[in-house]
Amino acid sequence: MTITSIPEHLQIAFIGGGNMASAILGGLVRQGMAPARIRVVEPFAETRARLQQEFGVQVLEAADASLAQADVVVWAVKPQQFEEATRPVAPHTGKALHLSVAAGIPASALARWLGTERLVRAMPNTPALVGQGMTGLFAGAGASADDRSVIDALLAPTGQRMWLEQEALIDSLMAISGSGPAYVFYFIEALVRGGVELGLTAEQSKILASQTFAGAAALVQGSSEAPEVLRQRVTSKGGTTHEAIVTMQQHGVEQAIVAAMHACAARGRELADQFGG
């Protein structure tokens with residue numbers, strides 16, 4: 001059986017109600033899921049009030065026995081707080097499917113703390129907040145094909161998903177899509193600065209840079225040709241773009257980006273070791 005939408009009976013609990021949790025549960029509510037089927041455990045009163053007002057979901061200050069009703073538990077807490085957060089929750093959620101969006105917590109640690117291997121690790125990115133995310137997924141040994149379909153349906157409003165068959169590849173994916181938005185923002189920062197130095201306003205430069213990124217990304221997604229070929233087509237030898245690319249090559253921009261990705265993946269492996277891998 002392939003599940004293409006969230007089953008009508010499904011109850012979902014979120015542990016943590018920050019930005020990523022809000023992106024997921026907001027998508028669920030927008031696609032018609034009854035807020036009464038969603039509960040959020042969130043210790044901060046201000047966040048609880050926002051979630052209640054914005055989405056109408058049930059909010060709890062602390063975990064209680066009502067979590068036993070949850071079919072899916074979404075973990076959206078900081079890695080440093082994860083193990084402690086599981087202690088009051090795990091006794092009530094042994095039969096649930098667990099989805100973790102916490103970076104650096106390996107499936108082995110999740111299984112140990114939650115008492116189940118029916119779990120999925122997710123590596124989302126911040127464009128999920130506007131429905132344009134890219135989420136990497138790895139299923140634990142106890143997650144079935146139907147469990148995968150449920151997670152796909154749950155995350156569909158946040159953007160695209162990619163399932164990985166090796167957990168180690170989560171770190172590789174993180175180096176591209178997980179941390180990638182920050183690379184893009186960094187590049188846009190540089191373009192805005194350069195635009196201002198060339199006489200444009202900061203707002204003009206921001207509009208030009210962001211739309212250029214959006215358009216170029218759409219062109220890559222819609223083309224069967226490699227990015228290298230697309231770049232070469234707008235880089236006429238002796239022209240203005242050629243001069244810019246040559247300057248970047250002289251400054252080692254490509255090598256710096258690849259080195260940054262390796263550093264990102266290595267830090268992900270360090271975190272996995274730190275948090276119980």
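Side chains included, hydrogens not; waters and symmetry mates left out as well; all remaining heavy atoms used.
Between F82 and W75, the ring center distance clears the sub-6.0 Å criterion.
The side-chain hydrogen bond (donor to acceptor under 3.5 Å, both in side chains) analysis of residues 187-203, with sequence neighbours excluded, yields the pairs R193-E197, T201-Q204.
With S210 contributing its side chain and I207 its backbone, the two residues share a donor-acceptor pair below 3.5 Å.
Rounding to the nearest 0.5 Å places CG of L119 at 12.0 Å from CD1 of I105. In this structure, the separation between CG on D171 and CD on E270 is 10.5 Å, given to the nearest 0.5 Å. Separation of atoms CG (L169) and CE (M162) is listed at 10.5 Å; rounding is to 0.5 Å.
The 12-atom threshold is exceeded at CD of Q255, counting heavy atoms of other residues, nucleotides or ligands nearer than 6.0 Å.
Applying the side chain to side chain donor-acceptor pair (under 3.5 Å) test to S22 and every residue at least two apart in sequence or in another chain returns R50.
Under the 4.0 Å criterion applied to side-chain N and carboxylate O atoms, R161 and D152 are assigned as salt-bridge partners.
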Could you go through residues 55-70 and list every donor-acceptor pair under 3.5 Å that involves a side-chain atom there, pairing it with any protein atom two or more places apart or in another chain?
unit_1	atom_1	unit_2	atom_2	d
Q58	NE2	A36	O	2.5
D64	OD1	S66	N	2.9
D64	OD1	S66	OG	2.4

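Counting heavy atoms from C-beta outward, D71 and L97 have side chains that stay 4.5 Å or more apart. Under the 4.5 Å side-chain criterion, counting only non-hydrogen atoms from C-beta, M134 is not in contact with P127.
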